[in-house]
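We name chains A, B, ... by the order of the sequence lines, and we start the count at 1 in each one.
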Amino acid sequence: MEDNKINKNDNEKPGKPSNFIREIIDRDLEQGKNNSRVHTRFPPEPNGWLHIGHAKSICLNYGLAQDYNGKFNLRFDDTNPLKEESSYVESIIKDVEWLGAKWEDRLFYASDYFEQLYEWAIKLIKEGKAYVDDLNAEEIREYRGTLTEPGKNSPFRDRSIEENLKLFEKMKNGDFPDGSKVLRAKIDMASGNINLRDPVMYRIKHAAHHRTGDKWCVYPSYDWAHGQSDSIEGITHSICTLEFEDHRPLYDWFLDQLEVHHPRQIEFARLNLNYTIMSKRKLLQLVQEKYVSGWDDPRMPTISGLRRRGYSPESIREFCERIGVAKRESVVDIALLEHTLREDLNKRAVRMMAVLRPLKVVIENYPEDKVEEFEAVNNPEDESAGTRTIVFTREIYIERDDFLEDPPRKFFRLAPGREVRLKHAYFITCNEAVKNDAGEITELRCSYDPESRGGSTPDGRRVKGTLHWVSAEHAVDAEVRLFDRLFDKEDPTEGGDFLKNINPDSLEILTGCKVEPGLKDAKSGEYYQFLRQGYFVADSEDSTPDHPVFNRSVGLRDTWARIQQKGAK
RNA sequence: UGGGGUGUCGUCAAGUGGUAAGACACGAGCCUUUGGAGCUCGCAUCGCAGGUUCGAAUCCUGCCACCCCAGCCA
């Protein structure tokens with residue numbers, strides 16, 4: 001009995017953790033709402049590039065559609081021509097696709113609905129529920145009241161329906177200058193909820209729209225466009241972030257007046273990450289003021305930046321799964337993102353040897369012209385990844401950090417008189433460190449034990465350290481870019497000016513790195529682990545076979561570095 | 001001072017009256033031809049104060065703290 005229970009549980013797939021949104025959907029389904037349909041959407045404004053916070057929303061919305069056998073739409077919320085560009089549309093489409101969300105034939109734009117929105121606005125005017133207001137922006141603000149005091153009615157609030165109709169049409173036709181009039185919903189200027197104090201539905205903008213050109217001179221506001229767009233598309237659950245909670249009564253009000261399909265708006269807490277900035281405005285500033293190379297700089301939290309950095313879509317999806325969905329505002333530790341990347345790449349990245357800061361080693365008792373081949377396992381976590389051949393010669397490079405003339409306790413690497421293993425090859429012992437006039441070590445003279453071929457000896461003696469290496473003659477030169485967090489404060493806005501918290505050492509460029517020949521033709525989508533160092537990918541913009549450039553996506557956990565840090569404290 | 005939200009481990013986050021899941025981080029150890037990976041173990045009484053109850057993180061009351069809202073941005 002007991003055993004059966006355990007087995008049953010073990011065989012059950014570990015379903016996704018529930019959350020309050022799933023509970024709401026479950027309840028709606030039980031009550032037979034929406035004919036048992038689930039239909040979600042991701043509604044980005046094309047005014048910037050997507051970031052990891054958007055990934056949370058995409059994974060949430062697309063994940064729900066998948067799990068409930070529903071549908072998922074991609075819809076651009078393009079109601080403000082002044083801020084939006086088609087270049088953003090393109091990058092967003094690419095990113096959503098790369099993340100793996102599928103909208104099939106349901107790629108929409110709020111601008112697809114401008115005509116319908118206009119007609120609905122006329123309907124509201126005819127019902128006395130909307131009016132044209134001549135107050136300017138400043139006056140509207142004054143009339144709106146404050147958080148604690150009610151607003152007062154605009155003197156234009158009670159215009160006749162006929163006049164409103166006539167004026168609104170002239171607004172549409174471009175007969176009035178920008179800012180001179182707006183169309184407002186007539187709700188309640190005394191409401192405790194400021195969104196209900198006669199919100200603006202249309203503003204005049206003589207501006208070209210990236211899709212509709214200059215067909216329109218009036219553009220709908222977010223509140224007027226969003227819910228109605230959801231309704232038109234048959235969305236059942238309209239998921240947005242917390243700051244729109246106050247807008248829900250308005251979302252509902254419009255839909256109720258129109259008596260059309262009424263999606264349910266649900267709000268969740270947006271993602272925050274420590275050491276990271278998520279504000280589109282600030283990210284744009286970093287790009288415009290050249291603190292980074294672009295929206296896809298590998299240090300950016302943008303989807304394109306993460307992609308270029310070497311993050312896999314799988315790792316990002318897993319991250320979004322693990323952070324959960326709730327209503328409390330929180331700050332997730334970026335270490336979790338790094339963890340899901342390592343976890344994913346550990347299983348699939350091909351291992352390679354690459355020496356980032358080369359130190360030449362001459363193996364004195366190894367024949368000058370001899371070239372030996374060894375079979376190296378491509379991935380100890382995945383036998384199907386096979387093996388590759390690596391070559392060994394008298395002169396090799398090892399990592400400078402792997403040698404110390406006067407090693408501290410617990411340093412397991414090479415030192416005078418010390419023996420270590422060269423991964424997949426031989427044991428070597430250091431005889432001498434050769435220095436130049438400045439006292440810098442220029443090369444190591446070592447000897448190898450022919451008996452240790454393959455990495456172990458007949459006498460079974462043990463060595464504490466195993467080093468990665470590369471044959472000097474065969475190695476390929478490469479550039480390697482090491483990234484660190486862009487900000488050195490957990491909260492980049494600490495102190496008020498996030499620019500002051502930029503980490504000056506967020507990018508370190510290494511040239512003259514020596515890598516295995518097989519890395520010469522690495523492609524940007526291929527994930528590699530440079531043994532003992534971390535996960536790397538060829539840079540999608542700058543890497544060529546003649547000049548390979550690798551980005552470090554994330555380092556391996558480094559116990560030695562931790563021991564050193566502890567010692568330093 | 002109005003309206004809307006939220007408070008469970010260092011960080012996320014389950015829990016929906018029956019005696020605090022899990023993950024990351026952190027610490028200890030085992031293992032290891034990556035000081036990687038893996039494995040084992042450790043790590044909270046639930047914002048505060050009352051109350052109801054045999055029993056409360058879960059119900060009630062009162063406080064406190066934090067977040068959002070006064071764009072013709074989304």
Side-chain angles (χ1 to χ4, degrees), chain A residues 14 17-19 23 43-45 47 77 79-80 82-84 133 135-137 140-142 144-151 178-184 190-197 199-205 218-219 221-223 225-226 240-249 267 269 271 274 280-281 321-340 342-343 346-347 351 353 377 380-381 410-413 421-425 427 452 454-456 462-468 529-534 555-563:
Chain A
S18 189
N19 58 51
E23 284 174 15
E45 183 189 11
N47 69 340
D77 218 331
T79 56
N80 186 352
L82 264 24
K83 293 187 174 177
E84 298 150 6
D133 195 348
L135 257 29
N136 64 35
I140 285 183
R141 194 185 328 124
E142 284 164 11
R144 187 153 34 221
T146 68
L147 293 179
T148 53
E149 303 158 35
D178 288 6
S180 61
K181 286 179 169 49
V182 288
L183 182 73
R184 292 229 251 172
S191 173
N193 183 343
I194 289 178
N195 294 301
L196 263 19
R197 319 239 263 230
V200 168
M201 295 169 64
Y202 277 97
R203 42 331 191 198
I204 301 171
K205 285 179 193 287
V218 291
Y219 290 93
S221 63
Y222 165 85
D223 287 307
H226 203 94
C240 61
T241 43
L242 253 28
E243 67 270 28
F244 292 104
E245 211 150 15
D246 287 342
H247 294 242
R248 193 182 343 126
E267 311 84 12
L271 169 67
N274 55 14
K280 272 196 208 174
R281 203 207 96 235
E321 204 65 62
R322 292 218 205 163
I323 56 177
V325 180
K327 292 196 72 157
R328 84 180 74 119
E329 295 186 61
S330 55
V331 181
V332 175
D333 191 342
I334 189 132
L336 181 59
L337 214 209
E338 296 174 341
H339 174 263
T340 57
R342 288 194 191 99
E343 185 179 52
N346 175 50
K347 292 183 198 122
R351 270 61 169 175
M353 294 202 283
V377 172
E381 303 291 322
K410 290 191 177 176
F411 182 81
F412 301 154
R413 284 109 94 143
R421 172 168 40 234
L422 295 175
K423 180 76 178 175
H424 301 306
F427 284 6
S452 64
S456 57
R462 305 226 151 217
V463 288
K464 290 286 253 179
T466 299
L467 311 187
H468 60 278
Q529 184 196 96
F530 288 180
L531 230 53
R532 302 209 299 139
Q533 309 200 89
L556 251 26
R557 284 191 68 209
D558 190 344
T559 309
W560 171 238
R562 195 170 308 177
I563 291 170

Novice: What is the base-pairing partner of B/rG18, counting Watson-Crick and G-U wobble geometry with both distances under 3.5 Å?
Specialist: B/rC54
Novice: Does B/rG27 have its OP1 or OP2 closer than 4.0 Å to a side-chain nitrogen or oxygen of A/R562?
Specialist: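 Yes, such a contact exists.
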Novice: Does a side-chain N or O of A/R248 approach OP1 or OP2 of B/rG4 to a distance below 4.0 Å, or not?
Specialist: no
Novice: Checking base pairs now: Watson-Crick or wobble, both atom distances under 3.5 Å. What partners B/rG7?
Specialist: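 Its partner is B/rC64.
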Novice: Is A/E45 salt-bridged to A/K83, cutoff N-O under 4.0 Å?
Specialist: no
Novice: A/D133 CG to B/rG71 P: how many Å, rounded?
Specialist: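 The distance from CG of A/D133 to P of B/rG71 comes to 15 Å, rounded to the nearest Å.
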Novice: Measure NZ/A/K327 against P/B/rG15 and give the value in whole Å, please.
Specialist: 15 Å
Novice: From the list B/rG35, B/rC12, B/rU34, which nucleotide is the closest neighbour of the side chain of A/I323?
Specialist: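 The nucleotide sitting nearest to the side chain is B/rC12.
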Novice: For the backbone of A/F427 and the side chain of A/R421, can you confirm whether one donor and one acceptor N or O come within less than 3.5 Å of each other?
Specialist: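 Checking the backbone N and O of A/F427 against the side chain of A/R421, no donor-acceptor pair under 3.5 Å is found.
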Novice: Is there, by distance only and without an angle test, a donor paired with an acceptor across the side chain of A/R413 and the base of B/rG35 below 3.5 Å?
Specialist: yes
Novice: When you measure from the side chain of A/F244, which nucleotide among B/rA74, B/rG2, B/rA70 comes out closest?
Specialist: B/rA74
Novice: With heavy atoms under 4.0 Å as the rule, sort A/N80 into base, sugar-phosphate or nothing.
Specialist: sugar-phosphate
Novice: When we call it a touch if two heavy atoms are under 4.0 Å apart, what does A/D77 touch: a base, just sugar-phosphate, or nothing?
Specialist: sugar-phosphate
Novice: I'd like to know if A/N193 reaches the base of B/rG4 with its side chain such that a donor and an acceptor end up less than 3.5 angstrom apart.
Specialist: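 Looking at the base of B/rG4, it does not pair with any donor or acceptor on the side chain of A/N193 (distance under 3.5 Å).
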Novice: Please report the closest heavy-atom contact between A/T340 and A/L337, naming both atoms and the distance.
Specialist: OG1-O, 2.9 Å
Novice: What's touching nucleotides 22-24 of chain B from the protein side, N or O pairs under 3.5 Å?
Specialist:
unit_1	atom_1	unit_2	atom_2	d
B/rA23	O2'	A/R322	NH1	3.2
B/rC24	OP1	A/H339	NE2	3.4

Novice: Below 4.0 angstrom from OP1 or OP2 of B/rC73, is there any side-chain N or O of A/K205?
Specialist: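 Result: yes.
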Novice: Could you check which nucleotide pairs with B/rU40 in any of the strands shown, counting Watson-Crick or G-U wobble with both distances under 3.5 Å?
Specialist: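 Its partner is B/rA28.
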Novice: With a 4.0 Å cut-off on N to O distance, would you call A/E343 and A/R322 a salt bridge?
Specialist: yes
Novice: When both hydrogen-bonding distances must be under 3.5 Å and the geometry is Watson-Crick or G-U wobble, what is B/rU1 paired with, if anything?
Specialist: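 Partner of B/rU1: none found under 3.5 Å.
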Novice: OP1 or OP2 of B/rC66 versus the side-chain N and O atoms of A/R328: is any pair under 4.0 Å?
Specialist: no
Novice: Any side-chain N or O of A/T79 less than 4.0 Å from the OP1 or OP2 oxygen of B/rC73?
Specialist: no
Novice: Can you figure out which of B/rG71, B/rC73, B/rG36 approaches the side chain of A/P380 most closely?
Specialist: B/rG36
Novice: For B/rA37, does either OP1 or OP2 sit under 4.0 Å from a side-chain N or O belonging to A/R532?
Specialist: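 For A/R532, the contact criterion (side-chain N or O under 4.0 Å from OP1 or OP2 of B/rA37) is not met.
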Novice: With the side chain of A/E243 defined as its heavy atoms from C-beta on, choose the nearest nucleotide among B/rC73, B/rG3, B/rC68.
Specialist: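 When the side chain of A/E243 is considered, B/rC68 is the closest of B/rC73, B/rG3, B/rC68.
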Novice: When you measure from the side-chain N and O atoms of A/R203 to the phosphate of B/rC73, is any distance below 4.0 Å, counting only OP1 and OP2?
Specialist: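 For B/rC73, OP1/OP2 do have a side-chain N/O of A/R203 under 4.0 Å.
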Novice: By nearest nucleotide on RNA chain B, pick out whichever of A/G145 and A/A425 is the more 5' one.
Specialist: A/A425
Novice: When you look at A/R184 and A/D133, which way does the salt bridge (Lys or Arg N to Asp or Glu O under 4.0 Å) test go after all the steps?
Specialist: CA-CA 7 Å; A/R184 292 229 251 172; A/D133 195 348; 3.0 Å; yes
Novice: It should be established whether A/R557 places a side-chain nitrogen or oxygen under 4.0 Å from OP1 or OP2 of nucleotide B/rA37.
Specialist: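 Yes.
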Novice: Quick one: is A/R144 getting a side-chain N or O under 4.0 Å of the B/rG71 phosphate, OP1 or OP2?
Specialist: yes
Novice: The side chain of A/E381 lies closest to which of these nucleotides: B/rC68, B/rA37, B/rC72?
Specialist: B/rA37
Novice: Does A/Q529 get its side chain close enough to the base of B/rU34, under 3.5 Å, for a donor-acceptor pair?
Specialist: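 Side chain to base: pair present.
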Novice: Of A/V325 and A/R421, whose closest RNA chain B nucleotide lies nearer the 5' terminus?
Specialist: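 Looking at RNA chain B, the more 5' nearest nucleotide goes with A/V325.
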Novice: Mind telling me if B/rG27 is syn or anti? Syn here is a glycosidic angle within 90° of 0.
Specialist: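 Anti for B/rG27; the angle lies over 90° from 0.
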Novice: Given B/rG36, B/rA70, B/rG35, which nucleotide is nearest the side-chain atoms of A/T146?
Specialist: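 Comparing B/rG36, B/rA70, B/rG35 against the side chain of A/T146, the answer is B/rA70.
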Novice: When the distance from NE2 of A/H226 to P of B/rC73 is rounded to whole Å, what number comes out?
Specialist: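 The answer, rounded to whole Å, is 17 Å.
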Novice: Mind telling me whether A/Y222 and A/H226 have parallel, tilted or perpendicular rings, with 30° and 60° as the class edges?
Specialist: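 A/H226 vs A/Y222 ring planes: tilted.
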Novice: Rounding to an integer number of Å, can you tell me how far A/I204 CD1 sits from B/rG71 P?
Specialist: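 Result: 19 Å.
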Novice: Of all heavy-atom pairs between A/V377 and A/R351, which one has the smallest distance, and what is that distance?
Specialist: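 Taking A/V377 first and A/R351 second, the nearest heavy atoms are O-CB, 4.4 Å.
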